[in-house]
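Lettering of chains follows the sequences in order, A, B, ..., and the numbering in each one begins at 1. Every heavy atom of this structure was used, including side-chain atoms; hydrogens, water molecules and symmetry mates were not.
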Amino acid sequence: MEVFDSPPDIDAQWLSRDSTLVAPDLIGCTLVRQMPDGTLLRGLIVETEAYGLNDPAMHAYRRATARNQVMFGEPGITYVYLIYGIYHCLNVVTDRATVPSAVLIRALQLETMPDWIDPQQQLKPQRVAAGPGKLCRAFKIDLTLTGMPLLPGQALWLEHRDFQFQQQLDQGKSSLVQTTRIGLTQGIDLPWRWYLSNCAAVSRKG
DNA sequence: TGTAAGATCCTA
DNA sequence: AGGATCTTACAT
């Protein structure tokens with residue numbers, strides 16, 4: 001029988017590029033969450049947004065603060081923040097140190113349903129991680145996970161696209177859509193959002 | 001110390 | 001269209 005190797009993990013070197021280059025490349029990659037008890041959760045990244053220099057929507061646009069300081073650090077580190085007092089959002093820090101930039105992970109297509117998700121929920125399974133706040137809730141990502149290295153064996157890490165996904169893209173059977181970012185009051189015209197077309201797990205179309 | 005806004009989500 | 005809910009950032 002055929003054996004498929006798991007795609008290689010994503011390293012800091014690969015993330016050491018402009019966030020607008022990393023964001024589309026992360027579509028189709030996998031986010032892996034390891035719980036304290038060793039349980040593994042996996043989700044396909046289907047929607048991302050880039051935040052970077054000279055971007056008024058970027059949290060460190062004005063100055064470095066206690067919250068955003070990890071964005072000035074090395075690539076391959078998490079940046080988690082709390083929004084509206086309720087939801088957490090997960091970013092991957094990109095580019096070289098001293099350049100504040102990150103990619104917001106906006107939606108995941110889950111491989112398996114976490115135990116703590118109530119199946120009685122009216123929510124369709126495909127929508128459980130369809131949004132930056134929802135995916136952090138599904139994966140139990142909170143402020144304790146900010147500033148952590150994305151490395152295998154840690155709480156979170158990333159894996160490259162598998163061969164099948166890349167082939168679907170190359171053959172035009174699926175494609176990426178690039179649009180403006182969601183929920184902003186500044187930098188609203190920058191086309192720095194990408195999502196997988198024809199995917200039910202994307203937070204919203206257009 | 002006070003205050004206003006926020007890279008969201010759910011309900012009506 | 002509006003409310004939940006509270007941290008953060010910046011002004012005073």
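Straight-line distance from the OH atom of A:Y61 to the P atom of B:dA7: 14 Å, rounded to whole Å. Between the CD1 atom of A:I182 and the P atom of B:dT8 there is a distance of 8 Å, given to the nearest Å. Regarding A:E49, its CD atom lies at a distance of 10 Å from the P atom of B:dA7, rounded to whole Å. Atom CD1 in A:I86 sits roughly 9 Å away from atom C1' in B:dC10 (whole-Å rounding). Taking atom NE2 on A:H59 and atom C1' on C:dC10, their separation rounds to 15 Å, with Å as the unit.
Contact annotation: A:R67 does not reach the phosphate of C:dT7 (side-chain N/O to OP1 or OP2, under 4.0 Å). Dashed line: the shortest gap from a side-chain N or O of A:T185 to OP1 or OP2 of B:dA5 is not under 4.0 Å. The phosphate of B:dT8 has OP1 or OP2 within less than 4.0 Å of a side-chain N or O from A:R106. The side chain of A:R137 contributes no N or O atom lying less than 4.0 Å from OP1 or OP2 of B:dC9.
A:R96 and A:S16 form no side-chain donor-acceptor contact under 3.5 Å, judged by distance and modelled atom types alone. A donor atom on one side chain and an acceptor atom on the other are not found under 3.5 Å apart for A:D162 and A:Q166. With 3.5 Å as the limit, one finds no donor-acceptor pair spanning the side chains of A:Q168 and A:S174. A:S203 and A:R106 are linked by a side-chain donor-acceptor pair at a separation below 3.5 angstrom, with hydrogens and angles left out of the test.
As rounded to the nearest Å, C:dG2 and B:dA5 have P atoms that lie 16 Å from one another.
Across all strands, A:L82 comes closer than 4.0 Å only to sugar-phosphate atoms, never to a base (heavy-atom distances). Looking at heavy-atom distances under 4.0 Å, A:G133 makes contact with sugar-phosphate atoms alone, never a base.
In the set B:dA7, B:dC9, C:dC10, C:dC10 carries the atom at the smallest distance from any side-chain atom of A:R62. Distance from the side chain of A:I83 is smallest to B:dT8 among B:dT8, B:dC9, C:dA9.
With hydrogens and angles ignored, a donor-acceptor pair under 3.5 angstrom links the side chain of A:Y81 to the base of B:dA7.
Taking the 5.5 Å centre cut-off and the 30° plane limit, the aromatic side chain of A:Y84 is classed as stacked on B:dT8.
Taking the ring centroids of A:F163 and A:F165, they lie at or beyond the 6.0 Å cut-off.
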